[in-house]
Amino acid sequence: MSLRDAFGTDVLVTGWGHTRFGRLDDESLESLVVSAASEALECAGVEPGQVDEVVLGTFNSGMWPLGFASSLALQVSDDLANVPATRVENACASGSAAVQQGVKSILAGTARTVLVIGAEKMTHAPADVVGAALLGADYELAGRASTTGFAGLFADVARHYEKLHGPVVDTLGSIAAKNHRNGVLNPYAQLRKDLGEDFCRTVSDRNPVVADPLRRTDCSPVSDGAAALVLSTRPTGGRVDPVRLAGFGHANDFLPAGKRDPLAFAGTTAAWERALAMADVDVAGLDLVELHDCFTIAELVVYEAIGLAARGEGHRLLEAGAVHRDGRLPVNVSGGLKAKGHPVGATGVSQHVLAAMQLSGTAGDMQLPTARRAAIHNMGGLAVANYVSVLESV
């Protein structure tokens, strides 16, 4: 049973917009929101006055002075005056939280056209401010000083992985190299350089250890950027073919680390299973996956949490080329967070936009030859807030 069968309502992505990701010194949070939102509405062929609701995903946590950003999208047009607008936040999954909030409004019948935006402005802030903000998403380290931040938390995951399954650093280097290679083809990506496996696997002055065993190439960059999409109950006559939401899932795990298995990513598994069950599809029915590779070890563990490989066997997917863009199930053909960048609140919306572009045949140089169904995985914290969507061509 599909989402449409279950709820009696079609949820379509009818248009989208996406800024470049990176260090955008001339942009503000407002200009990023307005740019992505304006492009999404124009792409969908939707006039601002036709929007029933606006949902903005942004983490912020002190990185940008304006903490009350929900109405920024109204700067697109005076015709958006008095439209309900809400800011949602769920750490690095804030973008997907915004998408699902918009979906639920449509399924509840309170809106027929929803503008969803994800945005973050980060690079202007000092490293200690960014680090403290991100650590606000960790139960144990929130408000405390840390020299390694979230890299240290995911380095702990990598060390746990090594204890159970053996050396992991070369596999992580292969993931980084794959995603950098994919990022070259993404015009929105922050890091568009094919670094090669040797560079990504080797500690050097240009690729130092950040938190053992993670090197710089194992960590996604601090980024600015925004993405937006329009959710509708019917085609809107825009300039792209609409894409259907076939299923979605959301699961939160416990916040204290002591109540979570560091390698299970149990919330990711739960959200994945819920989304695929709603879409009535299994892994064999997917043509691509965009997943949350904030650190390369996250991508490896997610492979196993969503059943692409058995526990401890994720490396085989890379060795066989299965997750490369010419493999049986390409993963992160956008370059992922690793190469595309990770403006926290924008990431989940960006993943949906890049997947929709693939499914509508509008991905340009990134385009896969066959792309009919995609899964998107986005998580906040260390696999605490977990969101999965399944999109399909109409």
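This chain uses plain numbering: 1 for the first residue, then up along the sequence.
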Review point. Counting only heavy atoms not in Phe199, do more than 12 sit closer than 6.0 Å to its CZ atom?
Key: yes
**Study point:** Separation between CZ of Arg215 and SG of Cys200, rounded to the nearest 0.5 Å
**Key:** 8.0 Å
Check your understanding: Do Leu276 and Val302 belong together in a cluster built from hydrophobic side chains that touch within less than 4.5 Å?
Key -> yes
Exercise for review: Indicate yes or no for a side-chain donor-acceptor contact from Ser94 to the backbone of Gly345 under 3.5 Å, with no hydrogens or angles considered.
Suggested key: no
Check your understanding: Do Trp64 and His124 have ring centroids that are under 6.0 Å from one another?
Key -> yes
Check your understanding: Side chains of Pro262 and Tyr161: closer than 4.5 Å at any heavy-atom pair?
Key -> no
Check your understanding: According to a 4.5 Å side-chain heavy-atom criterion applied to Ile, Leu, Val, Met, Phe, Trp and Tyr, with indirect links allowed, do Ile117 and Leu72 form part of one hydrophobic cluster?
Key -> yes
Exercise for review: Give, for atom CG of Asn182 and atom OG of Ser334, the distance between the pair rounded to the nearest 0.5 Å.
Suggested key: 7.5 Å
Exercise for review: Would you check if Ser350 and Lys340 make a side-chain contact, meaning some heavy-atom pair closer than 4.5 Å?
Suggested key: yes
Exercise for review: Answer yes or no: is there a donor N or O on one side and an acceptor on the other, between the side chain of Arg260 and the main chain of Ala266, under 3.5 Å?
Suggested key: no
Review point. Within the side chain of Glu39, is there an N or O that forms a donor-acceptor pair under 3.5 Å with the backbone of Val34?
Key: no
Study note, to complete from the structure: For Val13 and Leu229, the nearest pair of non-hydrogen atoms, with its separation, is CG1-CB, 4.1 Å
Point to revise | Shortest non-hydrogen separation from Ala251 to Gly267 and the atoms involved | key: CB-O, 3.4 Å
Check your understanding: Does a donor on one side chain sit under 3.5 Å from an acceptor on the other, for Ser35 and Thr19?
Key -> no
Practice item. Start with the C-alpha distance between Asn386 and Thr268, add both sets of side-chain angles, then the distance that settles side chain to side chain donor-acceptor pair (under 3.5 Å), and finish with yes or no. Key: CA-CA 5 Å; Asn386 305 269; Thr268 283; 2.7 Å; yes
Practice item. Verify the neighbour count for atom CG of Asn82: are there more than 12 heavy atoms of other residues, nucleotides or ligands below 6.0 Å? Key: no
Check your understanding: Are Val344 and Val99 joined in one hydrophobic group, where the rule is that I, L, V, M, F, W and Y side chains link up if heavy atoms are under 4.5 Å apart?
Key -> no
Practice item. Taking all non-hydrogen atoms of both residues into account, name the closest pair between Ala119 and Leu29 and its distance. Key: CB-CD1, 3.9 Å
Check your understanding: What do the steps show when you test Thr347 against His342 for side chain to side chain donor-acceptor pair (under 3.5 Å), and what is the final call?
Key -> CA-CA 6 Å; Thr347 286; His342 184 28; 2.6 Å; yes
Return all side-chain donor-acceptor pairs below 3.5 angstrom for residues 42-50, not counting sequence neighbours, or 'none' if the list is empty.
residue, atom, partner, partner atom, Å
Glu42, OE1, Arg239, NE, 2.9
Glu42, OE1, Arg239, NH2, 3.2
Gln50, OE1, Glu47, N, 2.6

Review point. Looking only at atom types and distance, does a side-chain atom of Lys121 sit under 3.5 Å from a main-chain N or O of Pro343, one as donor and one as acceptor?
Key: no
Review point. With side chains defined as the heavy atoms from C-beta onward, is the minimum distance between His352 and Glu290 less than 4.5 Å?
Key: no
Check your understanding: Are Pro187 and Arg20 side-chain neighbours, meaning at least one heavy-atom pair lies under 4.5 Å?
Key -> no
Review point. So, does Gln358 use its side chain to make a donor-acceptor pair with the main chain of Leu368 at under 3.5 Å?
Key: yes
Exercise for review: Taking Lys178 for its side chain and Val331 for its backbone only, find out whether a donor-acceptor pair lies under 3.5 Å.
Suggested key: yes
Point to revise | Neighbour count above 12 (heavy atom, 6.0 Å) for Asp78 CG | key: no
Check your understanding: Checking side chain to side chain contact (heavy atoms under 4.5 Å, CB included) for the pair Leu12/Val394: CA distance, chi angles, key distance, verdict?
Key -> CA-CA 9 Å; Leu12 302 176; Val394 175; 4.0 Å; yes
Exercise for review: Could you tell me the separation between the CZ atom of Arg201 and the CD1 atom of Ile175, rounded to the nearest 0.5 Å?
Suggested key: 10.5 Å
Revision key, fill the gap. Scanning both residues in full, the closest heavy-atom pair of Leu74 with Ala81 reads CD2-CA, 4.2 Å
Review point. Should the pair Phe265 and Phe154 be assigned to parallel (<30°), tilted (30 to 60°) or perpendicular (>60°) ring geometry?
Key: perpendicular
Check your understanding: Is there a donor-acceptor contact under 3.5 Å from the side chain of Asp293 to the main chain of Phe295?
Key -> no
Study note, to complete from the structure: OG1 of Thr370 to CZ of Arg373, rounded to nearest 0.5 Å, is 13.0 Å
Point to revise | Spacing of CZ belonging to Phe150 relative to CG belonging to Leu135, to within rounding of 0.5 Å | key: 6.5 Å
Under 3.5 Å, sequence neighbours excluded: what are the donor-acceptor pairs made by side chains of residues 306-320?
residue, atom, partner, partner atom, Å
Arg311, NH1, Leu263, O, 2.8
Arg311, NH2, Ala264, O, 3.0
Glu313, OE1, Arg316, NE, 2.1
Glu313, OE1, Arg316, NH2, 3.3
His315, ND1, Glu319, OE1, 3.3
His315, ND1, Glu319, OE2, 2.8

Check your understanding: Which atom pair, heavy atoms only, marks the closest approach of Leu32 to Ala226?
Key -> O-CB, 3.4 Å
Check your understanding: Given the rule in the side chain to side chain contact (heavy atoms under 4.5 Å, CB included) test, do Leu291 and Glu299 qualify, once you have shown the distances and angles that lead to the verdict?
Key -> CA-CA 7 Å; Leu291 62 77; Glu299 178 162 334; 3.6 Å; yes
Practice item. Check whether any side-chain heavy atom of Asp224 sits under 4.5 Å from a side-chain heavy atom of Glu27, and report yes or no. Key: no
**Study point:** Interatomic spacing from OG in Ser71 to CG in Leu80 - rounded to 0.5 Å
**Key:** 10.0 Å
Check your understanding: Do side-chain atoms of Glu140 reach the backbone of Ala257 as a donor and acceptor pair under 3.5 angstrom?
Key -> yes
Exercise for review: Please say which of Val349, Thr362, Leu354 ends up in a side-chain contact (heavy atoms from CB on, under 4.5 Å) with Trp16.
Suggested key: Thr362
Check your understanding: Given the rule in the salt bridge (charged side-chain N to carboxylate O under 4.0 Å, His left out) test, do Arg216 and Asp218 qualify, once you have shown the distances and angles that lead to the verdict?
Key -> CA-CA 5 Å; Arg216 180 177 292 161; Asp218 294 308; over 6 Å; no
Check your understanding: So do the side chains of Leu300 and Val168 get within less than 4.5 Å of each other, counting heavy atoms only?
Key -> yes
Check your understanding: Counting only N and O atoms by type, is there a donor-acceptor contact under 3.5 Å from the side chain of Arg112 to the main-chain atoms of Thr233?
Key -> no
Practice item. Check the pair Asp10, Arg244 against side chain to side chain contact (heavy atoms under 4.5 Å, CB included), reporting the backbone distance first and the verdict last. Key: CA-CA 7 Å; Asp10 229 355; Arg244 175 176 290 116; 2.9 Å; yes
Practice item. State, with a plain yes or no, whether a side-chain heavy atom of His180 is found less than 4.5 Å away from one of Leu195. Key: yes
Review point. Between His377 and His292, how do the two ring planes meet: parallel, tilted or perpendicular, split at 30° and 60°?
Key: perpendicular
Practice item. Give the intermediate values and the outcome of side chain to side chain contact (heavy atoms under 4.5 Å, CB included) for residues Tyr387 and Gln100. Key: CA-CA 9 Å; Tyr387 292 82; Gln100 289 200 13; 3.4 Å; yes
Check your understanding: Taking Asn378 for the side chain and Val388 for the main chain, is one N or O donor matched with an acceptor at less than 3.5 Å?
Key -> no
Revision key, fill the gap. Only residue of Val390, Leu391, Ile106 satisfying side-chain contact (heavy atoms from CB on, under 4.5 Å) with Leu245 is Leu391
Review point. Hey, does Leu115 have a side-chain heavy atom less than 4.5 Å from the side chain of Val55?
Key: no
Practice item. List the atom of Leu329, the atom of Val283, and the distance in Å for their closest heavy-atom pair. Key: CD2-CG1, 3.9 Å
